[in-house]
Protein chains: 2
Amino acid sequence: MFCEIYLVGNEKLPNFEGENFDSVMKYVTIKDIARELVVSVSTVSRALRGDPSIRKETREKIQAAAKRMGYVPNPVATNLKFGRTKTIGVIVPEMSTPYAAKVIDGIQDICYHNNYKVIIASSSEDADKEKENLDIMMQFMIDGIIACRCDYNKNTELYKKIQEQHIPLVFYDRIPHNIEAPQVIVDDETKAFFLVEHLIRSGRKNIAYIGANFDTVYNSVLRHKGYREALQRYGIEYNPNIVVQTEGLNYSDGATAVDKLRHEKTDAIFAFTDTLAIGAMNRLKSIGRNVPRDVAVAGFSGTNLCTIVSPQLTTVEPRQFEMGQKAAELIIKHIANPSSSKSEQVIIDADIIYRESTEG
Amino acid sequence: MFCEIYLVGNEKLPNFEGENFDSVMKYVTIKDIARELVVSVSTVSRALRGDPSIRKETREKIQAAAKRMGYVPNPVATNLKFGRTKTIGVIVPEMSTPYAAKVIDGIQDICYHNNYKVIIASSSEDADKEKENLDIMMQFMIDGIIACRCDYNKNTELYKKIQEQHIPLVFYDRIPHNIEAPQVIVDDETKAFFLVEHLIRSGRKNIAYIGANFDTVYNSVLRHKGYREALQRYGIEYNPNIVVQTEGLNYSDGATAVDKLRHEKTDAIFAFTDTLAIGAMNRLKSIGRNVPRDVAVAGFSGTNLCTIVSPQLTTVEPRQFEMGQKAAELIIKHIANPSSSKSEQVIIDADIIYRESTEG
DNA sequence: AGTGTTTCTGCAAACGATTGAAATTTTTTG
DNA sequence: CAAAAAATTTCAATCGTTTGCAGAAACACT
């Protein structure tokens with residue numbers, strides 16, 4: 001009398017005692033169904049996809065077995081087979097404001113209706129992390145990438161390499177600047193112009209600009225340009241002493257910028273983002289300057305943060321949801337037809353919203 | 001004179017006119033290197049992984065070629081081969097506050113140092129989206145899932161199925177309630193008790209509780225419990241008329257809750273989250289009630305939102321980064337040793353931070 | 001020259017799923 | 001009733017990578 005252990009198919013012998021417990025098969029495969037029903041894997045495959053060349057009887061038997069055994073197709077296998085994943089990767093520069101969330105909502109709206117999945121990664125304004133995220137995305141064989149660069153001078157080669165590999169790439173919000181790719185952006189210059197014009201018309205003369213470092217975020221350059229044009233149009237001399245470039249884009253950077261302006265005559269601040277504006281505004285309040293009476297403050301981005309601070313913040317609000325939608329539409333178009341034009345540019349409208357922080 | 005086109009290896013004929021352009025090979029594979037150097041794929045594979053059984057000379061030649069040709073290993077293939085991806089999936093209920101971002105930072109901190117990649121998906125407080133995200137994650141064959149359920153009554157079966165498939169699962173922040181799984185949470189009850197105690201000691205008598213629907217977020221039940229205990233301890237009668245359950249967790253829900261309290265005597269509000277608290281506070285201000293003089297307001301979560309509003313918000317601040325770190329440690333431990341205890345519970349400390357909104 | 005080591009490289013199977021072509025079975029037809 | 005046609009199922013290759021085992025080449029030692 002003896003006892004043998006047969007290992008059938010790809011099943012490994014589970015060791016329920018510990019260690020190798022993880023080697024228990026986790027998924028039911030097409031092979032398991034084939035073995036169970038004593039048919040070939042190809043028959044199972046075809047039956048499950050409803051191929052009419054499989055007899056109805058067999059097909060139903062297989063489908064029933066699949067259901068009973070809890071079969072779910074393994075997409076990694078399918079991905080490998082077809083070299084596509086029906087997944088779009090999104091790279092955002094930050095996730096701590098609701099801005100990105102709204103854009104992502106727009107992206108998901110379109111993707112969902114086109115049967116695409118979405119994975120999101122945040123680079124936290126760090127170019128190295130951005131690179132890492134791009135690598136992960138590529139590794140997952142995503143079908144296309146929607147990205148917002150955190151620094152227009154970084155990772156340029158990587159993006160170009162992605163393009164060379166014919167992986168569709170679309171940029172949104174921040175201007176990619178030195179990469180030719182479809183993009184969904186806002187007319188920063190014009191919008192900045194109108195906002196500053198509003199400040200001037202309401203009687204402000206010494207308008208400061210708090211912007212991101214011009215060498216990292218190109219939009220900052222454009223908004224600065226619009227700012228400068230507005231000054232010029234209204235005959236106000238440009239004063240470089242009240243133009244501050246910040247290190248980062250956090251509340252603290254806005255506060256620091258105000259500190260730098262301490263000894264300059266300033267009756268208004270136009271900040272590159274709402275976050276900077278809010279940081280600046282709170283610092284102003286804490287040093288005893290009234291907003292908007294002493295200093296008017298305006299931002300750019302337009303998230304609900306603007307309405308929870310007091311005074312409520314004047315801002316330029318790009319249509320974020322729409323921006324996401326357009327970006328998704330573009331990428332899907334480029335996946336379907338990779339030879340589409342790479343220089344397509346969609347300009348998203350932005351609403352200038354006047355609130356308490358610039359009143360009077 | 002004639003012209004033939006040879007298709008070598010798996011390269012498909014690119015049709016530069018349109019349609020099939022996407023079938024151009026996107027990636028350099030191990031096969032391409034093998035063909036180029038006229039060696040077998042196995043030799044290339046071994047050489048690239050530094051196998052000592054490959055002659056140094058050959059190895060270096062292959063490595064050089066790989067570099068030159070821009071080879072990157074295709075992890076989808078590796079995944080299929082090994083059934084693991086070295087990737088952890090994170091499901092967050094929302095991304096529009098910095099809370100999740102901090103937790104994710106903590107997760108990424110640990111994962112990065114343990115060579116795990118992280119993919120994140122937000123369910124936007126929607127159980128259906130949560131399900132969808134879980135499905136995507138499973139499809140990518142992620143090695144483990146860190147999740148924060150948006151509704152403790154939804155998707156329970158799905159989570160249980162995930163556990164049955166021996167995919168490690170860890171919950172954070174919100175109490176999974178009816179699923180036995182390792183979890184990283186805060187002692188809601190005790191912290192709520194202390195916060196309410198502080199309100200009582202500073203002279204408040206009619207303290208309202210604004211909480212999420214008790215049937216969706218279990219933590220709300222616990223904070224309510226702590227609230228009730230504090231009242232009892234100080235001999236204040238529990239008044240159900242000033243306990244409001246909100247539909248959602250947005251600013252507007254906080255505002256609506258205040259509207260519901262309009263005809264009740266209330267001199268303090270303890271809200272389930274900062275978002276609700278801020279929504280409530282702003283509504284109070286807009287109907288002419290002073291915070292904190294007329295009504296003190298306190299929240300729970302502790303993000304930098306609390307310091308940008310005025311008055312600044314008193315809150316309970318769980319150590320979010322640490323929470324993420326612990327969750328990541330737990331999941332990595334369970335991946336390494338799937339038979340670890342499923343009932344492990346890590347309690348993260350939370351700091352009660354007293355600010356202007358409850359002064360006086 | 002023949003045998004035994006060592007060192008190196010290639011074959012082939014495997015992961016799970018798909019699919020054209022071939023093989024099998026069943027049905028139809030003269 | 002046999003041969004052709006149709007219906008159904010299987011074989012085998014494929015996606016990119018890894019790896020045990022077999023086989024080849026190179027070398028040393030009788």
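All chains are named by letter (A, B, ...) in the order of the sequence lines, taking the proteins before the strands, and each is independently numbered beginning at 1. None of the values given here were measured: they were computed from a predicted structure.
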Rounded distance in Å - CD1 (A:Ile30) to P (C:dG16): 11 Å
What pairs of nitrogen or oxygen atoms, one from the protein and one from nucleotides 24-28 of chain D, lie under 3.5 Å apart?
none

Pairing residues for A:Tyr152 by the ring pair (Phe, Tyr, Trp, His ring centres under 6.0 Å) criterion, not counting sequence neighbours: A:His177, A:Tyr218
Position toward the 5' end of DNA chain C (nearest nucleotide), B:Ser40 or B:Leu80: B:Ser40
Interatomic distance, B:Asp51 CG vs D:dT18 C1' [rounded to whole Å]: 11 Å
Flag, side chain of B:His113 to backbone of B:Gln108, donor-acceptor distance under 3.5 Å: no
Partners passing side-chain hydrogen bond (donor to acceptor under 3.5 Å, both in side chains) against A:Glu36 (at least two apart in sequence or in another chain): none
Contact list for DNA chain D against residues 52-65 of chain B - heavy-atom distance below 4.0 Å: none
For atom CG of B:Leu48 and atom P of D:dT18, their distance in whole Å: 8 Å
Five-pair end axes of the helix from C:dA1-D:dT30 to C:dG30-D:dC1 and the angle they enclose, rounded to 10°: 80°
Nearest atoms (heavy-atom pairs only) where B:Ala181 meets B:Leu169: CB-O, 4.0 Å
Sugar-phosphate only, base, or nothing, as touched by A:Val39 at under 4.0 Å among non-hydrogen atoms: sugar-phosphate
Pairs under 3.5 angstrom only: tabulate donor-acceptor contacts from the side chains of residues 65-86 of chain A to other protein residues two or more places apart or in another chain.
from, atom 1, to, atom 2, distance (Å)
A:Asn74, OD1, A:Val76, N, 2.8
A:Asn74, OD1, A:Ala77, N, 3.4
A:Thr78, OG1, A:Asn74, O, 3.1
A:Asn79, ND2, A:Pro75, O, 3.2
A:Thr85, OG1, A:Met141, O, 2.8
A:Thr85, OG1, A:Asp143, OD1, 3.3

Qualifying residues under ring pair (Phe, Tyr, Trp, His ring centres under 6.0 Å), relative to B:Tyr116, sequence neighbours excluded: none
Side-chain ion pair, A:Asp126 and A:Lys129, N-O less than 4.0 Å: no
Note: A:Lys131-A:Asp128 ion pair, threshold 4.0 Å (strictly below): no
Atom-pair distance (CD1 on A:Ile33; P on C:dT18), nearest Å: 11 Å
Pairing residues for B:Asn153 by the side-chain hydrogen bond (donor to acceptor under 3.5 Å, both in side chains) criterion, not counting sequence neighbours: none
Full working for side chain to side chain contact (heavy atoms under 4.5 Å, CB included) between A:Met137 and A:Ile167: CA-CA 11 Å; A:Met137 301 247 158; A:Ile167 295 173; over 6 Å; no
Test applied, side chain to side chain contact (heavy atoms under 4.5 Å, CB included); reference residue, A:Ile146; option that passes from A:Ile88, A:Val103, A:Val92: A:Ile88
Note: B:Lys161-B:Glu164 ion pair, threshold 4.0 Å (strictly below): no
Please tabulate, one pair per line, each protein N/O and nucleotide N/O from nucleotides 19-22 of chain C that are separated by under 3.5 Å, including the distance.
from, atom 1, to, atom 2, distance (Å)
C:dG20, O6, A:Arg46, NH2, 2.3

Rounded distance in Å - CZ (B:Arg35) to P (D:dT17): 12 Å
Under 3.5 Å: donor-acceptor pair, side chain of B:His166, backbone of B:Ser339: no
Rounded distance (Å) that lies between atom P of C:dC8 and atom CG of B:Leu37: 17 Å
Salt bridge (Lys or Arg N to Asp or Glu O under 4.0 Å) against A:Glu94, all qualifying residues, sequence neighbours excluded: none
Touch class at under 4.0 angstrom, heavy-atom based, for A:Pro73 against every strand present: sugar-phosphate
A:Ala47 backbone acceptor or donor facing A:Gln63 side chain under 3.5 Å: yes
Under 3.5 Å between N/O atoms: give me all the protein pairs with nucleotides 24-27 of chain C, atom names plus distance.
none

Nearest-angstrom distance from the residue atom CG of B:Asn74 to P of D:dC15: 12 Å
Atom-pair distance (CG on A:Asp32; P on C:dA14), nearest Å: 15 Å
Which residues share a side chain to side chain contact (heavy atoms under 4.5 Å, CB included) with B:Lys61, sequence neighbours left out: B:Leu37
